[in-house]
Amino acid sequence: MRAGGLRYDDGELKESFAGVYGTEFAGGRLLVGANLQGRYNPKQKSSRRYGDSPENNPNYATDDFDNREDQSDTRDGDDTSLNASFEKVFDNGGKFDISAMWVDTDRTEDERSFEYDDASATSGSVVEGGNLISDNANVSFIDQTNYNINSGYELPLLGGTSKFKLGYASFEESVYEQEVELDTSELPMVFEEAEETVDIDDKEWSLQWQHSLLVGDSKEVQFGAFVQGKERDTAIFVAEDELEKDFTNWEQFSQNPLILAGFNNEFEPVDGGVNKLEEDRFDLFALIKHEADVFSWEMGVRWESTDSSITDTNEGVTAENDYDFFLPSAHFRYSVSDNGRVSASVARSLRRPDFDYMTPALLEEELADNDFLGNPSLKPESSWGIDLGYEYRLGKSGVVGVNVFYRDVSDLIEIASTGVEGSEGEGTFVLQPQNTGDGTVQGVEFDLSTPLSALNMPNTGIFLNYSWLDSEVEDSFGKRKFNDQSDYVYNVGFIQDLPTLRASFGATYRNQGDAYGRFVGEEVTTSYGADLELFVEKRWDDITLRLVGSNLLDASKDEVFNKFDSLDDQNNRAFDEYELESEEAGPVIQVMLRYAF
């Protein structure tokens, strides 16, 4: 059993309770569990916008200031889950297993934004010539329920072993969103209200058969088939209105714009918002593998065939998106010494388009001020990959390894601009997932995890993971890295055990490099602050008490936006807007008590 809680930077407390019970049942092993987890994420954002950038005007901050926006964004919810699994082995060598999980999520996302025409202003009420130019409130109520059931049966058959797997999963989401924005730049005030409802119903089933045969003393052959069906029903409706309010004493810190709205207006479906997606998949696969102390290998091939249809229910139009791929692979492992091993692999892999990307719906202001339009014709992303690695064991429990990889990617999936002006007018665009083209990714990964026994510190363990990435793809402006990909990311830390005190403590430090993204109309560079996590743990016979502090450096995410009205303006560096945005959430303290009996 586990019980505890989390305290956030703004003083909010969230609970965490869980329990797992295992026992013999009906000649097999039964496990049941339950979990209640409170979730909370209070983010504070600050944005400053300018009419030009430092690359054109070193004095942009004073000469070209446009507005400042302060925003709070709080996600507050609870996850409740139940799970169970049962496994039984039969006398004939067969084995049966079944597992199920149910998760319910209830979450509120609450945003409030104040926009000022002065860099340092905090006007409390609206008066003629005041500094508050807009006040926006947005709240979403989200209910999600998902469950899955998976079962398998393994038995001796046809001189080998066959395993049958059957699975079913369901996901339902209901979202009700309210938004009111006050334009307080002049009187009488104008306020716009909007409502949106989103209902998503996903269903998925799968069936797999896999047969294994031993060939000789060290080789095994596997082959089989996989069938899967997915279905999504989506319904997105909106209601909008615009009114004037003739008063001058709007108290922004004590009044919420939502109190002004007369909600429950007449709802209409968004363009493409009522739709049905269906995906049927059929795979065949086979492989042969050889296991030995010095040299092991595995070679296989998988054929995946997918038939998709996306129907815009309102328009009665159906788009087909069918494809099939052969995905060969080969893996090798060679022990060069008692402690060292070289591994290598060549494989082709497939990344299917996400259903959220394939929906034909047009969602206004979905991506900041830009609109989002799904792409039913989106192709899957495929890649050929080569990996080469070396792993060396340090003592009884330590390991150090390095891996070099290369990926040749076809039909890279990225968010791109359609070039069409967005619903917010000049400077905004309709964005859409598109196949950017072909590109390459390469990198190096280094891992170290070991106790310091060689330094006579067997109770001290250290770990380090470092990844360096590079990529290249070509867009309308020329060559660049894949959008929003950092150059590097690393984790480093230690764990110190205190056997006499039956306690331990440790720390983890994480950091990653800047990321850059570009499409027509916008360029963004993102910088991430470092994250530090510390823990202290005390153990008794059956009880463990653990204290964890996360985000102790109060890391921020800082973004620089270059925005343009057109492709020509972007090439000529004629800015529509230059924006600096910073976001942070604050440290989190967690206390957890575990009891095993």
Side-chain angles (χ1 to χ4, degrees), residues 1-6 14-40 76-107 142-157 161-174 199-212 224-233 279 281 283 355 537 539 541-546 548 590-597:
M1 299 181 67
R2 187 187 70 194
L6 300 93
K14 300 299 288 187
E15 72 288 344
S16 179
F17 302 104
V20 178
Y21 179 71
T23 185
E24 184 179 349
F25 177 77
R29 182 68 174 172
L30 175 67
L31 285 174
V32 294
N35 184 77
L36 173 63
Q37 179 65 61
R39 302 194 184 278
Y40 188 73
D76 189 355
D78 292 289
D79 290 343
T80 305
S81 66
L82 301 172
N83 61 83
S85 64
F86 174 74
E87 181 179 291
K88 182 175 182 178
V89 178
F90 297 96
D91 294 338
N92 65 352
K95 184 173 71 174
F96 171 77
D97 63 83
I98 185 170
S99 62
M101 174 176 285
W102 173 85
V103 181
D104 181 77
T105 298
D106 184 7
R107 185 171 74 251
I142 302 170
D143 291 312
Q144 297 174 332
T145 301
N146 68 84
Y147 66 87
N148 62 72
I149 302 173
N150 295 283
S151 181
Y153 183 61
E154 183 178 319
L155 73 160
L157 187 69
T161 302
S162 275
K163 185 166 187 177
F164 299 88
K165 296 181 180 179
L166 177 65
Y168 181 81
S170 172
F171 172 80
E172 296 180 0
E173 179 181 63
S174 178
D199 291 292
I200 295 176
D201 186 1
D202 282 353
K203 298 288 188 294
E204 175 185 318
W205 64 267
S206 62
L207 176 64
Q208 178 175 304
W209 167 65
Q210 177 181 305
H211 190 70
S212 302
F226 175 80
V227 183
Q228 182 185 67
K230 291 184 177 182
E231 183 178 297
R232 167 175 288 190
D233 290 297
E279 180 182 278
R281 175 178 163 187
D283 300 355
F355 272 15
E537 184 176 279
R539 301 178 296 275
D541 290 341
D542 300 318
I543 297 175
T544 300
L545 180 64
R546 187 179 180 92
V548 180
Q590 181 187 63
V591 178
M592 194 67 62
L593 183 70
R594 299 195 305 270
Y595 176 45
F597 59 95

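Worth knowing before you read on, the calculation uses all heavy atoms, side chains too, and leaves out hydrogens, waters and symmetry mates.
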Original post:
Which distance, rounded to the nearest 0.5 Å, do you find between the CE of Met1 and the OH of Tyr595?
Top reply: 9.5 Å
Original post:
Under 3.5 Å, is there a donor-acceptor pair between the Asn150 and Asn148 side chains?
Top reply: yes
Original post:
Is there side-chain contact between Ile543 and Leu593, with at least one heavy-atom pair below 4.5 Å?
Top reply: yes
Subject >> Value rounded to 0.5 Å, distance of CG in Leu6 from CZ in Arg39 >> reply: 9.5 Å
Subject >> Derivation and outcome, side-chain hydrogen bond (donor to acceptor under 3.5 Å, both in side chains), residues Ser81 and Trp102 >> reply: CA-CA 5 Å; Ser81 66; Trp102 173 85; over 6 Å; no
**OP:** Kindly indicate, with the supporting measurements, whether the criterion side-chain hydrogen bond (donor to acceptor under 3.5 Å, both in side chains) is fulfilled by Asp199 and Ser174.
**Re:** CA-CA 5 Å; Asp199 291 292; Ser174 178; 3.2 Å; yes
Subject >> Distance (rounded to the nearest 0.5 Å) between Arg29 CZ and Glu87 CD >> reply: 10.5 Å
Original post:
Do Lys95 and Asp97 meet the salt-bridge criterion of a basic N to acidic O distance under 4.0 Å?
Top reply: no
Subject >> Aromatic plane relationship, Tyr153 with Phe96 - under 30° parallel, 30 to 60° tilted, over 60° perpendicular >> reply: tilted
Subject >> Minimum side-chain heavy-atom gap Lys163-Gln208 below 4.5 Å >> reply: no
Subject >> Presence of salt bridge, Asp76 and Lys14, under 4.0 angstrom >> reply: yes
Original post:
After noting the C-alpha distance and the side-chain angles of Val32 and Val20, does the key distance pass the side chain to side chain contact (heavy atoms under 4.5 Å, CB included) rule?
Top reply: CA-CA 6 Å; Val32 294; Val20 178; over 6 Å; no
Original post:
Which pair of non-hydrogen atoms, one from Lys88 and one from Gly27, has the smallest distance, and what is that distance?
Top reply: CG-O, 3.7 Å
**OP:** Evaluate side chain to side chain contact (heavy atoms under 4.5 Å, CB included) for Glu173 paired with Phe171, printing each intermediate quantity in order.
**Re:** CA-CA 7 Å; Glu173 179 181 63; Phe171 172 80; 3.7 Å; yes
Subject >> Which atom of Ser162 lies closest to which atom of Leu157, heavy atoms considered >> reply: OG-CD2, 3.6 Å
**OP:** Check the pair Glu15, Leu36 against side chain to side chain contact (heavy atoms under 4.5 Å, CB included), reporting the backbone distance first and the verdict last.
**Re:** CA-CA 8 Å; Glu15 72 288 344; Leu36 173 63; 4.1 Å; yes
Original post:
For Asn83, what residues pass the side chain to side chain contact (heavy atoms under 4.5 Å, CB included) criterion, not counting sequence neighbours?
Top reply: Met101
Original post:
When the ring planes of Phe25 and Phe86 are compared, do they come out parallel, tilted or perpendicular, using 30° and 60° as the limits?
Top reply: perpendicular
Original post:
Given Thr105, which of Asp79, Thr80, Asp78, Asp143 fulfils the side-chain hydrogen bond (donor to acceptor under 3.5 Å, both in side chains) condition?
Top reply: Asp79
Original post:
Using 4.0 Å as the upper bound for N to carboxylate O, is an ion pair formed by Arg546 and Glu537?
Top reply: yes
Original post:
So how far is it from Phe164 CZ to His211 NE2, rounded to the nearest 0.5 Å?
Top reply: 9.0 Å
Subject >> Heavy-atom neighbours of Tyr21 OH exceed 12 at 6.0 Å >> reply: no
**OP:** Flag the pair Lys165 and Glu154 as a salt bridge only when some basic side-chain nitrogen lies within less than 4.0 angstrom of an acidic carboxylate oxygen.
**Re:** no
**OP:** Could you walk me through whether Leu166 and Trp205 pass the side chain to side chain contact (heavy atoms under 4.5 Å, CB included) test, one step at a time?
**Re:** CA-CA 8 Å; Leu166 177 65; Trp205 64 267; 5.6 Å; no
Original post:
How long is the span from the CD atom in Gln228 to the CG atom in Leu207, to the nearest 0.5 Å?
Top reply: 11.0 Å
Original post:
Would Glu279 and Arg281 pass as an ion pair if we require N to O under 4.0 Å?
Top reply: no
Original post:
From Asp542 CG over to Phe597 CZ, what is the distance, rounded to the nearest 0.5 angstrom?
Top reply: 9.5 Å
**OP:** Assess whether side-chain hydrogen bond (donor to acceptor under 3.5 Å, both in side chains) is satisfied between Gln37 and Ser16, documenting all intermediate values.
**Re:** CA-CA 5 Å; Gln37 179 65 61; Ser16 179; 2.9 Å; yes
Subject >> Minimum heavy-atom distance between Pro156 and Gly93, given as atom pair plus value >> reply: CD-C, 4.2 Å
